[in-house]
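Computed from a predicted structure; not experimentally measured. These values consider heavy atoms only, across backbone and side chains, with no hydrogens, waters or symmetry-generated copies.
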Amino acid sequence: MQITDLDLQYFISSIKSVSKYDLSNYSDKSLKRRLQKVLEDNSINLMTLINRMMGDRAVVEKTIRDITVNTTELFRDPTVWHLLRSRILPRFKNNKTINIWHAGCSTGQEVYSMMILLNEMDMLERAKIFASDINTDVLETAKHGVYKYRFNLNYLDNFDKVIKQNPLNFEEYNDVPYEKYFDIDKQRDTLSMKQFMVDKPIFRKHDLVTEGNIFYSKFDIILCRNVIIYFNYALQNKVFELFHSNLYPKGGLVLGMHESILGPWANKFERLGHAYVKK
Amino acid sequence: MYKAVIIGGSAGSFQVITRILSSMPPNFPLPVLLCLHRLKHVRSGFVEALSIKSTLPVIEPMDKEQIKPGRAYLAPANYHMYVELGNKIALSTEEVVNHSRPSIDLSFITAAQIYREKLIGIILSGANRDGAYGLKKVKDHGGIAIVQNPAECQVKTMTETSLKMTPVDHIFNTNDIIKYLQKVK
Ligand SMILES: C[S@@+](CC[C@H](N)C(=O)[O-])C[C@H]1O[C@@H](n2cnc3c(N)ncnc32)[C@H](O)[C@@H]1O
């Protein structure tokens, strides 16, 4: 079954009419794919889904959760973490506090990666970590910090690349044990963050499309990686405005490896590698 | 007359794609979209390897990047690459399709929806079925479907599945693909 543009419009306006969610500026190709998947997974047609959403708020919430793409990893894209380590975080080395916001944090791996890196740079204690996502299921997982082990062996590769090896000096090798930050239980097939790790971040539900800053604080660094690829160009610009106004001057913005500021907000930031610094 | 060329390949396609890219006319009038499977751990270096001999610039595009003629856009590792309204690239990390991310089917389907009869789709050597359905969609929308001659392919699965799924316009050896692209307008 193929979802037409009209179907998609109908779906979007139905959600809008019964909730505050607004998907109208999501990237239409991937939204279509996601909607199709929701229908296939539940073996229902669009009319049935819409009728159910009209009758039951919980179905809207579930649909929103199902629509989102939550793929993530520990230290996803090690080069980004090298950049953070060598050029972004050192700028805040002498700050009394460092406020960091992970917007669209999914199941939390990015948050814990950041905390590990901060700790290795002796900056964790001074950091305040805020993390948000529109999807409450992934936030629950994030709060617990327990992941599958066998399926995620690349987490350890990435950890080695970022924490143990120094990309600027191949002779250097820091033998940081994994158990410093997480426990691996092969029987149970789990990789669980240590208690001091899960205790620290503040996780909140937040919708980048309809809400402003909910954390009552400005930020030194905002990470929003692989979230705006699901937004169209206009919505991307709206989100850049939100980030710009909630960063301190010289604050850093880290987008995903294949995301960039293409429009009018580009000249309000300076490039730092493939990251951005507020002018 | 056409608006884009899209090429999908997997196991055994690297040599072929390198030959094609090295023989493209430098002022080629269309964009070339490349959706190629790569080994799981080869995340970087691929675009550089393809660039060495290519006459067109090979780019791993950014999300929402404007698609321009005379350039080759390589789907980045671990992202699906779509074509969106306004002739823009859109990327996604949603789950693997046909065990693949990027998925050739997804790139072909979205390109077919945007470029319709003005698209040339080419499927090369490969070891899985990904791409076969996408090529059918190119054909369904009135575009041109080309398959590398299975007899010439290092691995035939992808081309043979494509041929089973849709009647194609041409079954070409690499040399003929190259000759065909020389004349494309
Ligand atoms: C692919 S994940 C990215 C996770 C992590 N940042 C990374 O790069 O590995 C994208 C996340 O964006 C979230 N998201 C989608 N739309 C959102 C919105 N309007 N507001 C906040 N988060 C959103 C999804 O729920 C999903 O968890």
### Query
For B/Lys156, does the NZ atom sit with more than 12 other heavy atoms under 6.0 Å from it, leaving out its own atoms?
yes
### Message
Using side-chain heavy atoms (C-beta onward) and a distance below 4.5 Å, is A/Met257 in contact with B/Pro76?
### Response
no
### Considering all heavy atoms, the nearest A/Glu259-B/Met62 contact
N-SD, 3.6 Å
### Query
Of B/Ile109, B/Ile114, B/Leu106, which meets side-chain contact (heavy atoms from CB on, under 4.5 Å) against A/Lys29?
B/Ile114
### Message
Quick check on A/Leu255 against chain B: is it the side chain, the backbone, both or neither that has a heavy atom closer than 4.5 Å?
### Response
neither
### Query
Taking atom types as modelled and ignoring hydrogens, do the side chains of A/Asn232 and B/Glu84 form a donor-acceptor contact shorter than 3.5 angstrom?
no
### Message
I'd like to know whether NZ of A/Lys279 has more than 12 heavy-atom contacts from other residues, nucleotides or ligands below 6.0 angstrom.
### Response
yes
### Query
Which answer fits B/Val97, side chain, backbone, both or neither, if we ask what part of it has an atom under 4.5 Å from a heavy atom of chain A?
side chain
### Query
Would you say A/Lys148 has more than 12 foreign heavy atoms packed within less than 6.0 Å of its NZ?
no
### Max heavy-atom pair count under 4.5 Å with chain B, selected residue of A/Ser260, A/Ser27, A/Gly256
A/Ser27
#### Entry: Student check: side-chain heavy atoms of B/Leu91 and A/His258 closer than 4.5 Å
yes
### Query
Does the side chain of B/Glu95 come within less than 4.5 Å of A/Arg33's, by heavy atoms?
no
### Query
Which atom names give the shortest non-hydrogen contact between A/Ser30 and B/Tyr82, and what distance separates them?
CB-CE1, 3.6 Å
## Note on the structure
Honestly, the part of A/Asn226 sitting under 4.5 Å from a heavy atom of chain B is side chain
### Query
What is the minimum heavy-atom distance between B/Thr93 and A/Thr71, and which atoms define it?
O-OG1, 2.6 Å
### Message
Counting heavy-atom pairs under 4.5 Å with chain A, which one of B/His80, B/Lys88, B/Gln113 comes out on top?
### Response
B/Gln113
### Task
With a 4.5 angstrom heavy-atom cut-off, could you sort out which part of B/Gln66 is near chain A: side chain, backbone, both or neither?
neither
### Message
Give me the atom names and distance for the closest heavy-atom approach of B/Tyr79 to A/Ile229.
### Response
CE2-CD1, 4.1 Å
